[in-house]
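Notes for the one structure printed next.
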Amino acid sequence: MSTPLLVQVLAALSAPALAGATVLGLRVRRERAEAAGGRERLRARVAELEGRCAELERTASCDPLTGVWNYRHLQLTLDREIERARRAEHAEQADGPRPLAVLLLEIAGFDAVIAEHGRARGNAILRDLAQRLAMEIRRADTLGRYSGEEFLVVLPDTGAEGAAQVAERLVWSVRRHLLLDWSSGTRAPRPAHGNGLTAAAGIAVLPEDGTHAAVLLRAADAALAEARAAGGDCWRAAPAPGQRSGGRGEQAASGTDGAATAERDRSGKAGSVSACTGGDPLAQPVASHTPATVAVPRDALS
């Protein structure tokens, strides 16, 4: 067979193979493109689901009325911080666990606000005040709504002295906070003797007052009861076992002296907040604050 004839025969035989290879290549490229598109869609779907999960997690931990952390989140945070303090005790071979304070704050005076202005305005004022309180603590601290008009603050790495300073600041902030005013005229000045709201605070410290969440909360609640019995607008620390009530932390955060004490610079102490700089930070209501909260069963205002 001559060479030209052989070439023609081979060309005729290879044409289907070449066509099949071309078709196969096109199919492979199409499948790869479809697979890449599928991966992109899958990644987009995963990102969407992650965003929804994050939103659900935030919603599950946030109080819809006040915008601060809710009771469930407070429980989880307190348990986690107690466990962290205990781990630090063993890891660092310290004399005891790292300090941890809890502060239970109860606001009084909302009944009069609701009676005069209605429940809707009372809810708005409570939210505004909760956001203000959330701005008065460190980023490492946690403030949440414990019940209707009670707030719990978890203060990691904070002893009794630092917790007392935070209590002074929060009690003073409640008394001096400028309530919301929707009047069309000039905004009314802050009353000279407060806004009608007062706060009582109870402090408990780990390990002096307990090493379990339930024990710490019980001690803080007992201290809050003492502050309430003293007339409010003050804080009390849980008395040491065997001592009379009001043994330590008996100073009140009220009047000019309390305000001055609360205003001094505490930036160098654990669990403290720095004194405000510039103009009066309480002259305007605060904007919404990303957590610092989900409704609790004992909500007195919702």
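Residues Ile203 and Leu224 form no side-chain contact, since every pair of their non-hydrogen atoms from C-beta on lies 4.5 Å or further apart. Side-chain contact between Val215 and Arg218 is present, with heavy atoms from C-beta onward closer than 4.5 Å. The side-chain heavy atoms of Val102 and Asp209, taken from C-beta on, include no pair separated by under 4.5 Å. Contact of the Thr142 side chain with the Ile137 side chain is not registered, since no non-hydrogen atoms from C-beta on lie closer than 4.5 Å. Within the 4.5 Å cutoff, the side chain of His212 has no heavy atoms near those of the Leu216 side chain. By the 4.5 Å heavy-atom criterion applied to side chains, Leu152 and Tyr71 are not counted as neighbours.
A salt bridge links Arg138 with Asp141: the closest approach of a Lys/Arg side-chain nitrogen to an acidic carboxylate oxygen falls below 4.0 angstrom. With respect to Arg84 and Glu81, a salt bridge is recorded, a charged nitrogen being found less than 4.0 Å from a carboxylate O. Remark: Glu150 does not engage Arg145 in a salt bridge, criterion side-chain N to carboxylate O under 4.0 Å. Salt-bridge formation is detected for the pair Glu136/Arg132: a Lys NZ or Arg NE/NH1/NH2 atom is positioned less than 4.0 Å from an Asp or Glu carboxylate oxygen.
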Intermediate values then yes/no, side-chain contact (heavy atoms from CB on, under 4.5 Å), Leu104 and Leu217: CA-CA 8 Å; Leu104 195 56; Leu217 291 175; 5.8 Å; no
Test Phe110 against Ile125 for side-chain contact (heavy atoms from CB on, under 4.5 Å), laying out the working first. CA-CA 9 Å; Phe110 271 103; Ile125 291 174; 3.8 Å; yes
Step by step, would you call Arg52 with Glu48 a salt bridge (charged side-chain N to carboxylate O under 4.0 Å, His left out)? CA-CA 6 Å; Arg52 291 185 178 182; Glu48 179 185 358; 2.7 Å; yes
Intermediate values then yes/no, side-chain contact (heavy atoms from CB on, under 4.5 Å), Val171 and Cys234: CA-CA 7 Å; Val171 169; Cys234 62; 5.9 Å; no
Check step by step if side-chain contact (heavy atoms from CB on, under 4.5 Å) holds for Thr198 and Ile107. CA-CA 6 Å; Thr198 59; Ile107 303 174; over 6 Å; no
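Atom CZ in Phe151 sits 10.5 Å away from atom CG in Leu74 (nearest 0.5 Å). Atoms CG and CZ, from Leu206 and Arg86 in turn, are 7.5 Å apart once rounded to the nearest 0.5 Å. Taking CG of Leu170 as the reference point, atom CG of Leu105 lies at 6.0 Å (rounded to 0.5 Å). Atom OG of Ser173 is separated from atom CE of Met135 by 10.5 Å, given to the nearest 0.5 angstrom. One finds the CG atom of Asp128 at 11.5 Å from the OG1 atom of Thr66 (value rounded to the nearest 0.5 Å). In this structure, Glu55 CD and Glu50 CD are separated by 14.5 Å, a value rounded to the nearest 0.5 Å.
For Glu106 against Arg228, the heavy-atom pair with the smallest separation is OE1-NE, 2.7 Å. Ala204 and Ala220 make their closest contact through CB-N, 3.6 Å (heavy atoms, listed as atom of the first residue, atom of the second, distance). Shown here for Ala130 and Leu143, the closest heavy-atom pair between the two residues is O-CD2, 4.3 Å. Counting all heavy atoms, side chain and backbone alike, Leu103 lies closest to Ala163 at CD1-O, 3.8 Å. Considering every non-hydrogen atom in both Gly159 and Ala101, the closest pair reads O-CB, 4.4 Å. The heavy-atom pair separating Ile82 from Ala213 by the smallest distance is CD1-N, 3.4 Å.
Counting non-hydrogen atoms of other residues, nucleotides and ligands closer than 6.0 Å to CZ of Arg43 gives a total above 12. Within 6.0 Å of CD in Glu83 there are more than 12 heavy atoms belonging to other residues, nucleotides or ligands.
Under a 3.5 Å cut-off, the side chain of Glu149 and the backbone N or O of Ala108 do not form any donor-acceptor pair. Not one N or O on the side chain of Asp233 forms a donor-acceptor pair closer than 3.5 Å with the backbone of Arg175. A donor-acceptor contact shorter than 3.5 Å is absent between the side chain of Thr211 and the backbone of Pro207.
Applying the side-chain contact (heavy atoms from CB on, under 4.5 Å) test between Leu100 and each of Leu155, Thr158, Val154 identifies Val154 as the sole match.
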